Number of protein chains: 2
Amino acid sequence: MSTEALTPDRILEATEEVLRRYGPGKATVVDVARALGVSHGSVYRHFRTKAALREAVTERWLEQAVTELAPLAEGPGPAAERLTTWLSALFAAKRRKAGGDPELFATYEVLIGESSAVVAEHVDHLVGQLARIIEDGHRQGEFAAPESGFTMTARAVFDATDRFHDPVHAAEWSAPDIDDAFAAVLALVLRGLRA
Amino acid sequence: MSTEALTPDRILEATEEVLRRYGPGKATVVDVARALGVSHGSVYRHFRTKAALREAVTERWLEQAVTELAPLAEGPGPAAERLTTWLSALFAAKRRKAGGDPELFATYEVLIGESSAVVAEHVDHLVGQLARIIEDGHRQGEFAAPESGFTMTARAVFDATDRFHDPVHAAEWSAPDIDDAFAAVLALVLRGLRA
DNA sequence: CGAGTGACAGATTTCAATATCTGTCACTCG
DNA sequence: CGAGTGACAGATATTGAAATCTGTCACTCG
């Protein structure tokens with residue numbers, strides 16, 4: 001089955017497929033190899049361990065969210081509005097993924113729990129986007145000067161809204177009053193940022 | 001072994017002991033009965049199911065935290081200071097319990113996950129204490145009038161600090177920068193509340 | 001009478017044998 | 001040469017039979 005070259009990308013695609021089909025508990029490297037029509041030894045030539053393979057899949061998946069949100073962070077308009085839009089989009093995207101395909105979401109929850117380093121980097125990217133919005137807001141006189149740097153403040157905003165984007169809270173996202181709760185926290189945060 | 005009457009309280013104590021010793025996975029009603037020197041049928045005379053028994057233990061444990069914090073919510077002084085003290089005490093207590101006896105904490109994490117209704121009531125109590133502080137702050141002109149009621153605002157404060165009291169985040173509480181993160185969120189929240 | 005018992009049925013858990021998987025490496029073959 | 005192989009050792013997962021547990025209830029006995 002060597003009609004196509006065995007690239008890391010092809011392996012990652014097959015791994016995603018296997019994870020989607022069998023879930024995180026039953027997806028094996030042998031399954032991935034079988035799906036590609038090669039021996040599992042070949043997979044190990046491209047990824048040193050099963051953990052590295054799963055990490056690469058996780059990285060890919062998280063990257064998607066970052067690029068989806070980037071335009072919202074850079075767009076024009078008042079910072080408060082952009083912040084609202086950005087946080088709402090983050091929340092909506094997470095909810096959509098959690099509600100739309102709960103099994104796949106659960107799979108990624110497991111993967112995320114396995115590789116905290118990858119997640120930390122992803123969070124840093126998101127906080128970076130938040131920091132940019134807040135910095136813009138300050139430049140336009142909309143937001144007060146932060147006491148301890150834009151990144152620290154962005155981090156605080158990210159932490160304060162944790163309940164609305166951290167997958168560990170996914171079960172709470174279908175509660176009837178979750179939108180009110182989100183609006184209340186968002187309002188509190190915006191008041192805290194304003195000049 | 002009928003030297004003492006078999007009361008719900010004695011059963012609960014024995015259950016706690018058994019949970020502490022064997023953990024949530026291996027603690028059985030038979031174990032509890034054995035520890036009390038009675039048959040397990042007797043335990044079922046006081047608690048309809050094993051789940052009800054566990055719930056009662058959880059309730060008792062959570063109650064403890066509420067009564068510990070109550071004096072801080074009612075004490076004198078500026079509301080901002082009381083809020084800081086209260087939230088810091090909540091965070092400190094959780095950290096102490098998580099770090100001091102991780103196994104026991106893990107046990108209670110499991111119990112908490114089992115009975116969301118009990119937890120919801122407990123959260124309501126805590127939010128009530130927060131609401132009292134915020135209401136006092138408003139009465140003294142320290143805090144602005146909340147847009148959507150004191151309870152809703154208190155809930156927002158509770159949600160915004162979720163990362164620092166929700167057991168699902170316990171693993172993050174030993175990170176080196178967690179105190180800075182807490183201080184940053186607290187500062188953001190206080191700015192959001194101020195008049 | 002009524003708190004406590006213990007045997008019971010069906011559900012759940014344990015345990016050990018068996019199968020599968022992970023990661024390595026000497027090897028093949030284009 | 002070097003991408004891909006497949007047999008292998010040790011680790012992990014599966015399986016089904018046996019043991020234990022949950023919840024009930026007719027019963028005992030002070």
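For clarity, every value in this text was computed on a predicted model and none was experimentally measured. The chains referred to below are lettered A, B, ... by the order of the sequence lines, with proteins before strands, and numbering in each begins at 1.
The separation between Lys26(B) atom NZ and dT22(D) atom C1' is 18 Å, rounded to whole Å. dA11(C) atom C1' lies 12 Å from atom NZ of Lys50(B), rounded to whole Å. When rounded to the nearest whole Å, the span between CZ of Phe47(A) and P of dT22(C) equals 15 Å. If you measure from atom CZ of Arg45(B) to atom C1' of dT24(D), you get 11 Å, rounded to the nearest angstrom. A straight line from NE2 of His46(A) to P of dT5(D) spans 10 Å, rounded to a whole angstrom. A straight line from CZ of Arg48(B) to C1' of dG23(D) spans 11 Å, rounded to a whole angstrom.
Look at His40(A) and you won't find any side-chain N or O under 4.0 angstrom from OP1 or OP2 of dT20(C). Phosphate proximity of dT5(C) to Ser42(B): present, with a side-chain N or O under 4.0 Å from OP1 or OP2. One finds a side-chain N or O of Ser39(B) lying less than 4.0 angstrom from the OP1 or OP2 phosphate oxygen of dT5(C).
The residue Val30(A) sits close to a base: some heavy atom pair falls under 4.0 Å.
Ring geometry for Phe182(A) against Phe91(A) counts as tilted: the plane angle lies between 30° and 60°, on a 0 to 90° scale.
Base pairing of dC8(D): its partner is dG23(C), meeting the Watson-Crick or G-U wobble criterion (both donor-acceptor distances under 3.5 Å). Across all strands shown, the partner of dC29(C) is dG2(D), judged by Watson-Crick or G-U wobble contacts whose two distances both fall under 3.5 Å. Base pairing of dT12(C) is made with dA19(D), judged by Watson-Crick or G-U wobble geometry with both donor-acceptor distances under 3.5 Å.
Proximity of the aromatic rings of His138(A) and Phe150(A) is defined here by a centroid distance below 6.0 angstrom, and this criterion is met.
At least one donor-acceptor pair closer than 3.5 Å links the side chain of Arg191(A) to the backbone N or O of Arg194(B).
A heavy-atom distance below 4.5 Å is found between the side chains of Glu16(B) and Arg60(B).
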